[in-house]
Protein chains: 2
Amino acid sequence: MPKPTPDDANAPKLTINDIAALAGVSKKTVSRVINQSPLLNQATREKVEAVIRETGYTPNPQARALALGRNFLIGLVYDNPNQQMILNMQRGALEALHGTEFELVIRPVDRGSAKVMDDIRSFIVRQRLYGVIILPPLSENDAIARICDEEGCRYVRMGSAVLDDPEHMVVSNDRDAVAEAVRHLIQQGHKRIGLIAGPHGFRSAKERREGFELALSEAGISLPRSLVADGQYTFESGVSACESLLDLSPRPTAIFASNDEMAAGVLYAARLRGIEVPDQLSIIGFDDTPITSRVWPPLTTVRWPIVAMGRAAALKLIGTAIGEGHDVSEPSTFSSTLIRRASVAPPPRD
Amino acid sequence: MPKPTPDDANAPKLTINDIAALAGVSKKTVSRVINQSPLLNQATREKVEAVIRETGYTPNPQARALALGRNFLIGLVYDNPNQQMILNMQRGALEALHGTEFELVIRPVDRGSAKVMDDIRSFIVRQRLYGVIILPPLSENDAIARICDEEGCRYVRMGSAVLDDPEHMVVSNDRDAVAEAVRHLIQQGHKRIGLIAGPHGFRSAKERREGFELALSEAGISLPRSLVADGQYTFESGVSACESLLDLSPRPTAIFASNDEMAAGVLYAARLRGIEVPDQLSIIGFDDTPITSRVWPPLTTVRWPIVAMGRAAALKLIGTAIGEGHDVSEPSTFSSTLIRRASVAPPPRD
DNA sequence: TTGTACGCGTTATCAG
DNA sequence: CTGATAACGCGTACAA
């Protein structure tokens with residue numbers, strides 16, 4: 001009795017030659033079937049496809065990579081403090097890659113190092129990457145895009161401003177989202193609103209700050225320099241930035257923190273001083289990380305569709321390769337939404 | 001004027017033949033140098049190494065993969081709700097892989113699917129993985145280890161119990177760690193201690209529960225069934241499990257939650273009822289995720305060295321390949337430590 | 001100790 | 001439309 005399953009564990013690996021022999025055609029014809037070559041007799045194609053189906057044959061990616069000079073790997077390059085973002089981008093990209101022949105290779109780099117650019121280049125060149133997704137703040141560096149071009153590697157940059165052609169960008173409109181959030185504060189009656197800005201060198205920090213300033217100027221509210229505190233996108237920096245803001249007299253009745261980690265720091269600092277949130281101080285953050293619903297009170301925040309952006313980024317890369325229905329190009333800009341929880345209330349009466 | 005840099009962007013890619021020609025030796029000799037073959041004339045080796053250094057040549061991984069029938073890729077396979085763990089394992093593995101020729105390919109799977117095993121097998125086979133790291137609860141499935149053996153792929157399983165040979169395992173001793181945490185509660189004077197268990201099918205849940213029971217029985221404290229609530233390792237499940245515990249009369253004076261997410265849920269549920277933590281209720285969690293220090297009060301918890309475990313797992317896989325000093329085999333078991341924050345206090349007087 | 005010839009599985013060229 | 005034949009870059013018998 002022969003082995004029942006053709007795709008047995010210890011079955012010898014099938015090659016394109018086996019398929020060619022079984023189908024009674026040449027290697028190249030099988031190759032054409034695999035690569036969806038348009039010029040093929042319908043009959044031969046179906047014959048080959050049947051054999052492929054029956055045998056469970058899958059082409060060897062290593063051999064293809066060698067012959068094509070290009071691997072079926074997508075690289076994810078980042079150097080980002082925001083773990084939530086990395087994870088969500090991974091998830092989105094992975095969703096897009098699922099069921100395709102592509103795999104995701106992750107590659108953190110050190111943007112402080114003098115050799116970052118060389119690192120990235122050699123990563124791309126050595127692995128013959130099919131494409132790379134670049135996360136902020138690395139994505140804000142045009143030199144990386146240039147490297148990709150030079151090496152003939154597709155790329156998509158993620159960011160909070162349009163830095164490149166649509167085919168190379170997925171962008172979130174942080175500025176508008178923050179403006180909307182701050183307008184919400186203003187509608188509640190707040191006039192002294194503090195900002196905890198993100199670190200220099202992050203475009204997102206700049207965009208969010210500008211959104212903040214925009215909403216204020218729209219409402220005719222002036223923004224004294226003292227109401228702006230510098231942060232580093234970390235919890236600790238949020239705590240100390242908040243403390244400097246609370247030292248003011250009169251102190252702000254609301255604070256917009258440029259991300260949730262810092263917003264959590266604001267909450268923490270407020271509690272240390274016995275300041276009630278939201279009755280005496282309103283808080284809004286940015287990111288909608290899980291922490292916002294774990295703390296008390298749950299934080300009002302801005303949610304951006306990171307997973308969808310990751311999916312779009314990967315799809316932009318492989319879209320042409322997988323065809324079917326993906327001819328409709330992926331959107332490039334994604335809009336965020338204000339998530340209202342319990343950290344915002346009207347300001348206390350003076 | 002000639003191009004200044006030899007490793008110019010548009011320089012043609014160097015092959016082993018170029019190096020051989022430049023060094024005045026044969027292909028095979030260069031190959032030997034690359035693969036650290038011991039039988040080589042010292043002079044020839046140095047000559048070749050010099051050429052390699054000057055030209056900046058790096059061997060083509062695709063060609064090596066094809067010739068060797070094995071890729072220089074490490075796979076990370078998981079299906080885990082604990083994002084913190086995934087990220088930290090990635091970080092640890094990446095640290096170990098940094099500077100080597102290996103890359104990390106991530107592959108989430110759906111353990112509920114009927115085809116998980118096939119998915120994993122085809123992932124390994126198709127990519128000709130050098131090795132895989134398997135995260136819990138997937139790692140608890142012996143069938144996966146068997147697949148790896150069959151396909152000739154190295155593997156390391158991460159888990160909270162010894163399920164395999166040391167070379168195939170990195171394990172954390174959850175049981176002891178939880179026992180220690182609960183002893184701490186007992187030392188503070190607690191006698192009615194509730195447990196929020198993890199989900200069935202997770203070995204970690206079982207181990208943590210056993211550690212909990214161990215500490216209690218050591219102290220001669222009985223554990224009525226009512227003091228054990230089921231959880232799913234999620235915040236929401238922590239909230240509802242805690243509510244059922246707080247419905248008890250007399251209610252527990254302390255609760256051990258099998259992970260931090262649920263511990264945060266306990267804190268949340270306590271606050272909803274106006275129960276003061278830690279004065280009226282002590283809480284201990286497990287994982288030491290960032291959330292523990294963001295909530296109020298900061299949570300006492302158990303920290304396990306996930307990053308170090310990730311590093312060890314990767315090193316076990318590639319150790320023999322990179323030689324130098326890594327002959328000392330990586331440790332297989334890692335111990336956790338109790339991190340004391342502010343969510344534990346002596347029980348209130350009756 | 002070193003070199004020659006060939007194979008790995010696929011795609012590309014260019015005939016037919 | 002299809003099929004020989006030559007790459008792709010590297011590793012390994014085997015011979016020198």
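Computed from a predicted model, the values in this text were never measured in an experiment. Here is how names work: the chains are called A, B, and so on, in the same order as the sequence lines, proteins then strands, and each is numbered from 1.
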Under 3.5 Å donor-acceptor pairs involving side-chain atoms of residues 81-89 of chain A, not counting sequence neighbours:
{"unit_1": "A:Asn82", "atom_1": "OD1", "unit_2": "A:Gln84", "atom_2": "N", "d": "3.1"}
{"unit_1": "A:Asn82", "atom_1": "OD1", "unit_2": "A:Met85", "atom_2": "N", "d": "3.1"}
{"unit_1": "A:Asn82", "atom_1": "ND2", "unit_2": "A:Asp287", "atom_2": "OD2", "d": "3.2"}
{"unit_1": "A:Asn88", "atom_1": "ND2", "unit_2": "A:Gln84", "atom_2": "O", "d": "3.2"}

What pairs meet the ring pair (Phe, Tyr, Trp, His ring centres under 6.0 Å) rule with one or both residues in residues 14-53 of chain A, with sequence neighbours excluded?
none
Within residues 34-59 of chain B or reaching into it, pairs that qualify as ring pair (Phe, Tyr, Trp, His ring centres under 6.0 Å) - sequence neighbours excluded
none
Minimal non-hydrogen separation, [X] against [Y], with atom names:
X: B:Ala312; Y: B:Pro331; value: CB-O, 4.1 Å
X: B:Leu163; Y: B:Asp142; value: O-OD1, 4.4 Å
X: A:Phe123; Y: A:Leu129; value: CE2-CD1, 3.5 Å

Can you sort out the partners of B:Glu140 under salt bridge (Lys or Arg N to Asp or Glu O under 4.0 Å), two or more places apart, ordered by chain and number?
none
Taking salt bridge (Lys or Arg N to Asp or Glu O under 4.0 Å) as the definition, give me every residue that meets it alongside B:Arg128, ordered by chain and number, with sequence neighbours left out.
none
Identify every side-chain donor-acceptor pair in residues 23-31 of chain B under 3.5 Å, counting partners at least two apart or on other chains, and give the distances.
{"unit_1": "B:Ser26", "atom_1": "OG", "unit_2": "B:Lys28", "atom_2": "N", "d": "3.4"}
{"unit_1": "B:Ser26", "atom_1": "OG", "unit_2": "B:Thr29", "atom_2": "N", "d": "3.4"}
{"unit_1": "B:Ser26", "atom_1": "OG", "unit_2": "B:Thr29", "atom_2": "OG1", "d": "3.3"}
{"unit_1": "B:Ser31", "atom_1": "OG", "unit_2": "B:Asn35", "atom_2": "ND2", "d": "3.4"}

Find the bend of the helix from C:dT1-D:dA16 to C:dG16-D:dC1 as the angle between its two terminal axes (five pairs each), to the nearest 10°.
30°
For B:Asn41 and A:Lys27, find the nucleotide of DNA chain C closest to each by heavy atoms; which residue's nucleotide sits nearer the 5' end?
B:Asn41
Applying side chain to side chain contact (heavy atoms under 4.5 Å, CB included), can you list everything that pairs with B:Asp164, at least two apart in sequence or on another chain?
B:Ala145, B:Tyr155, B:Arg157, B:His168, B:Met169
Outermost contacting nts on DNA chain D, any atom under 4.0 Å from chain A heavy atoms, listed 5' then 3', are D:dC1 to D:dG9
First and last nt of DNA chain C near chain A, cut-off under 4.0 Å to heavy atoms, 5' to 3', are C:dG9 to C:dA12
Would one find more than 12 heavy atoms of other residues, nucleotides or ligands at under 6.0 Å from atom CZ of B:Arg70?
yes
Students often get this wrong, so: under 4.0 angstrom with heavy atoms, is B:Val30 touching a base, only sugar-phosphate, or nothing?
nothing
For residues 71-84 of chain A, the salt bridge (Lys or Arg N to Asp or Glu O under 4.0 Å) pairs (sequence neighbours left out) are A:Asp79-A:Arg111
Side-chain contact test, heavy atoms from C-beta onward, threshold under 4.5 Å: evaluate it for A:Glu101 versus B:Arg126 and give yes or no.
yes
DNA chain D-proximal residues of residues 59-71 of chain B, any heavy atom under 4.0 Å:
B:Pro59, B:Asn60, B:Ala63, B:Arg64, B:Ala67, B:Leu68
